[in-house]
2 protein chains.
Amino acid sequence: MADGGNNGDGAGWVTMGEVAVRAGVSPMTVSRVLKEPDRVRPATRERVERAIAELGYVPDAAAGALASRQSRLVAALVSTLAGSIFASTIAGLGAALREAGHELLLGTTEYSSASEEALLRAVLGRRPDGLVLSAGQHTPAARRLLERATRGLAVPVVEIWQLPERPVDMAVGFSNFAAGRAMTAFLADLGYRRIAFIGVLGPDDFRGKRRHAGYVEVLAEQGLGPPRTFGSGGFGGSAGAGASVEEGAAGLAAVLERWPDCDAVFCGSDPIAFGAITEAARRGIAVPGDLAVAGFGDFDYAGDAGLALTTVRIPGERIGRETARLLLERKAGRLPEPVVVDLGFELVRRRTA
Amino acid sequence: MADGGNNGDGAGWVTMGEVAVRAGVSPMTVSRVLKEPDRVRPATRERVERAIAELGYVPDAAAGALASRQSRLVAALVSTLAGSIFASTIAGLGAALREAGHELLLGTTEYSSASEEALLRAVLGRRPDGLVLSAGQHTPAARRLLERATRGLAVPVVEIWQLPERPVDMAVGFSNFAAGRAMTAFLADLGYRRIAFIGVLGPDDFRGKRRHAGYVEVLAEQGLGPPRTFGSGGFGGSAGAGASVEEGAAGLAAVLERWPDCDAVFCGSDPIAFGAITEAARRGIAVPGDLAVAGFGDFDYAGDAGLALTTVRIPGERIGRETARLLLERKAGRLPEPVVVDLGFELVRRRTA
DNA sequence: GACCGTTATGGTAGCGCTAACATTTGGCGC
DNA sequence: GCGCCAAATGTTAGCGCTACCATAACGGTC
């Protein structure tokens, strides 16, 4: 048998071969101790485990991936980490994945759809065992890459934070439309009659538009007059929160100028609601006395000790964990069918409406 | 020449061999087109590029890593993504890395130091070309792994958001001590004399403790009496922001009970300041009229349209980009020495102090 | 003790790529 | 045209691991 690897140069990682030599077994047995311990006799296993510990051996995942044809890597592509919209989902996804021996490869597009293809190529180069997508839109080139990965090859894809009518593969999220409806109906039930909507309704924000559509529908159903919508065309609902706060303040100003009789505002996101509340305070408008404000997302600062914002809570972390579960199930060969999981949402009434 | 790879099964990725066959060159030439295009004659290069495009070839990074012994992966281990403390740093790091053809592998410990070793093992298994660490503390086992990776092997490490006296390798951040001093001195200059501190001073929060130390020192220097510190022992300064807000509210209540004459509060983080301001509002205490409040971090909601919080701004994204630069420089063989980069901070005066 | 069916272990080959060297090609001076 | 040097391309040999199959060891049966 060879010497087990890179002796001498001192700067290399310990290899499985070296562990094998030390334990007096073949590399194959070391591999089995790592992956199927039950198939190795306890005495042998202990010897190998001791060698692993003594040498500080850490298996090379790239080599393992090459040989086994599975990377144990799941790539998540989100528009941004800022604003903590996806942060809990990513955290849940990562934790659940790690428990199952997989790793999370994170890519953020930061709204540059030009770089989306580059990101996707880079990520596909790692041959991920699964793909998690938050964006709805893709460039044609990116779309083609995705197609190839999903159809021709067997890379499972999960779209999150929405329930597309025609999912690429699987989806975990909630109905933004239903959530928009629910909050609007809730405000109406509370007796508010002149409900405005402030949101970001730019071309990228598929989700925000769905929420707005829900708002519009309830207004029509309940005869609450035409929509009073202020929508900027900026970045998606997950835009840098700072920008959203500005928009909320500016949005409320615009709304009050155009419809001074408003008694409630439904904001497309919590940061927007925060900006609106700040602007209201600046103008001496009492919330909820003169004006009710509702948000969307139940972000970190919305709680009772802070804003006390009435909002819609999204089970962000559960979306992450469920996504991981789906991916793992699919990989294990169970769950051959595409699935769409609706995790719902929750109305949280606090003090602003 | 062989057939170039996995013909027939239809479910595999295109390999370099297949591209080579299509372009009528050897695999090596394809490899060169990808990595050193200048060393390939333009005519040949174009042929290869066309073949790549037609086949939708995406190189297998794991195989490349194995052969070249560089993974082009940088692992970042942060305590959490929540609260958006590190979000901008991670975003900047990821963007800068991607521009240089590297990828970001993200690991969050979520405060479970028990799982820290597992995380580190998983991450080291990918043979990262660099390691970015946000935490100060490590378990003994994790520390040993780190040692081995850093010393024996040549994995560069960058510690961020602080300037350790004895860095493991490199560091990019700012002096939390100096920042604590600066804000306290700033409040003193403004005429506040009875300045309290609310923060999380648990065992993990090295950074928060440094800020507090700066506060204490300025108080002593300027004869402002003994520190009026309320410190909970909870999670680190980057804990879930929701929890921090609660702490800020509870903290202010505790401070006012013990030292009713306070005229200013320096909060160890912006979420804490937010909670404190909310609590002040609840009690009818005018900010900054009756009580000045300062935060730390300049988080997304601190701006003028929102809280208008006086705070300390940390160049989060620049920390990320600078970290990437250091890692890449080191990898390129330049920059053989350990470096500590102080990116400083900035006092932002808004309306709460 | 020869037989068998397990169960435990080892040998061989190769995953897709690239470093290092070998070879070919092309351009140019004389 | 020949020789020569550089540039362009090809060949060989693994990187560290795991799938697959072969062999060896074991424990019981008659």
Side-chain angles (χ1 to χ4, degrees), chain A residues 1-7 9 11-21 23-48 52 55 57-72 101 124-127 153, chain B residues 1-7 9 11-21 23-48 51-52 55 57-72 101 124-127 129 153:
Chain A
M1 174 175 285
D3 70 21
N6 52 7
N7 284 356
D9 71 351
W13 296 81
V14 175
T15 70
M16 188 176 274
E18 297 174 70
V19 174
V21 170
V25 298
S26 78
M28 204 50 237
T29 299
V30 178
S31 175
R32 272 191 281 254
V33 168
L34 260 16
K35 316 205 61 182
E36 319 168 279
D38 295 340
R39 304 184 73 76
V40 179
R41 208 195 321 169
T44 313
R45 193 194 317 159
E46 274 166 38
R47 231 168 345 121
V48 172
I52 288 175
L55 295 173
Y57 171 63
V58 179
D60 184 322
L66 190 58
S68 70
R69 296 159 154 289
Q70 27 170 335
S71 63
R72 301 191 148 254
L124 288 178
R126 304 284 167 182
R127 303 292 187 263
L153 318 167
Chain B
M1 176 174 289
D3 71 19
N6 53 5
N7 283 356
D9 71 352
W13 295 82
V14 175
T15 70
M16 187 175 274
E18 296 174 70
V19 174
V21 169
V25 297
S26 77
M28 201 54 234
T29 300
V30 177
S31 175
R32 273 192 278 255
V33 167
L34 259 16
K35 315 206 61 179
E36 319 167 280
D38 295 341
R39 306 185 72 76
V40 178
R41 210 195 319 170
T44 314
R45 193 193 320 159
E46 274 166 37
R47 228 165 351 117
V48 172
I52 287 174
L55 295 173
Y57 171 62
V58 179
D60 184 321
L66 190 58
S68 70
R69 299 160 150 288
Q70 32 171 328
S71 64
R72 300 191 150 256
L124 288 178
R126 305 283 167 183
R127 301 292 186 264
D129 290 347
L153 319 166

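Since the structure is predicted, the reported quantities are computational estimates derived from the model, not experimental observations. Order of the sequence lines sets the chain letters (A, B, ...), proteins ahead of strands, with each chain counted from 1. Heavy atoms only: backbone and side chains are in, while hydrogens, waters and symmetry mates are out.
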*Partners passing side-chain hydrogen bond (donor to acceptor under 3.5 Å, both in side chains) against B:E46 (at least two apart in sequence or in another chain)*: none
*Please identify each residue that fulfils side-chain hydrogen bond (donor to acceptor under 3.5 Å, both in side chains) with B:D129, with sequence neighbours left out.*
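For B:D129 the side-chain hydrogen bond (donor to acceptor under 3.5 Å, both in side chains) partners, ignoring immediate neighbours, are B:S71, B:K331.
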Can you tell me the distance, in whole Å, between the [atom1] atom of [X] and the [atom2] atom of [N]?
{"X": "B:L124", "N": "D:dG16", "atom1": "CG", "atom2": "P", "answer": "16 Å"}
{"X": "A:D60", "N": "D:dG16", "atom1": "CG", "atom2": "P", "answer": "7 Å"}
{"X": "A:R72", "N": "D:dG16", "atom1": "CZ", "atom2": "P", "answer": "21 Å"}
{"X": "A:E36", "N": "D:dC20", "atom1": "CD", "atom2": "P", "answer": "11 Å"}
{"X": "A:R126", "N": "C:dC17", "atom1": "CZ", "atom2": "C1'", "answer": "13 Å"}
{"X": "A:Q70", "N": "D:dC17", "atom1": "CD", "atom2": "P", "answer": "16 Å"}
{"X": "A:M28", "N": "D:dT18", "atom1": "CE", "atom2": "C1'", "answer": "5 Å"}
{"X": "A:K35", "N": "D:dC17", "atom1": "NZ", "atom2": "P", "answer": "12 Å"}

*Determine the minimum heavy-atom distance between B:Y57 and B:T15, stating which atoms define it.*
CE1-C, 3.6 Å
_A:M16/A:D60 under side chain to side chain contact (heavy atoms under 4.5 Å, CB included): CA gap, chis, key distance, verdict_ = CA-CA 9 Å; A:M16 188 176 274; A:D60 184 322; over 6 Å; no
*How large an angle, rounded to 10°, do the end axes of the helix from C:dG1-D:dC30 to C:dC30-D:dG1 enclose when each is built from five base pairs?*
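Both end axes considered, the difference amounts to 40°.
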*With side chains defined as the heavy atoms from C-beta onward, is the minimum distance between B:V21 and B:E18 less than 4.5 Å?*
no
*Not counting sequence neighbours, which residues clear salt bridge (charged side-chain N to carboxylate O under 4.0 Å, His left out) with A:R32? List them please.*
none
*Under the salt bridge (charged side-chain N to carboxylate O under 4.0 Å, His left out) rule, collect the residues that match up with B:R72, sequence neighbours excluded.*
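In terms of salt bridge (charged side-chain N to carboxylate O under 4.0 Å, His left out), with neighbours along the sequence ignored, B:R72 is linked to no residue.
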*Set of residues satisfying side-chain contact (heavy atoms from CB on, under 4.5 Å) with respect to A:A23, sequence neighbours excluded*: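 Counting only residues at least two positions away or on another chain, A:A23 forms a side-chain contact (heavy atoms from CB on, under 4.5 Å) with A:V25, A:V48, A:A51.
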*List in chain and number order the residues that pass side-chain contact (heavy atoms from CB on, under 4.5 Å) with A:R45, two or more places apart in sequence or in another chain; answer none if no residue qualifies.*
A:V33, A:P37, A:V40, A:P42, A:E49
*Does B:S31 or A:A67 map to a spot on DNA chain C nearer the 5' end, using the closest nucleotide for each?*
A:A67
What does the list of N/O pairs under 3.5 Å between the protein and nucleotides 6-9 of chain D look like, with a distance for each?
residue : atom : partner : partner atom : Å
D:dT9   : OP1  : B:T44   : OG1          : 2.4
D:dT9   : OP2  : B:R41   : N            : 3.0

_Taking 4.0 Å as the cut-off, does a side-chain nitrogen or oxygen of A:R69 come that near to OP1 or OP2 on D:dC17?_
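Answer no for this pair, as no side-chain N or O of A:R69 is under 4.0 Å from OP1 or OP2.
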*Under-4.0 Å side-chain N/O to phosphate OP1/OP2 contact, A:Y57 with D:dC17*: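 For A:Y57, the contact criterion (side-chain N or O under 4.0 Å from OP1 or OP2 of D:dC17) is met.
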*From the list C:dG16, D:dG16, C:dA19, which nucleotide is the closest neighbour of the side chain of A:T15?*
D:dG16
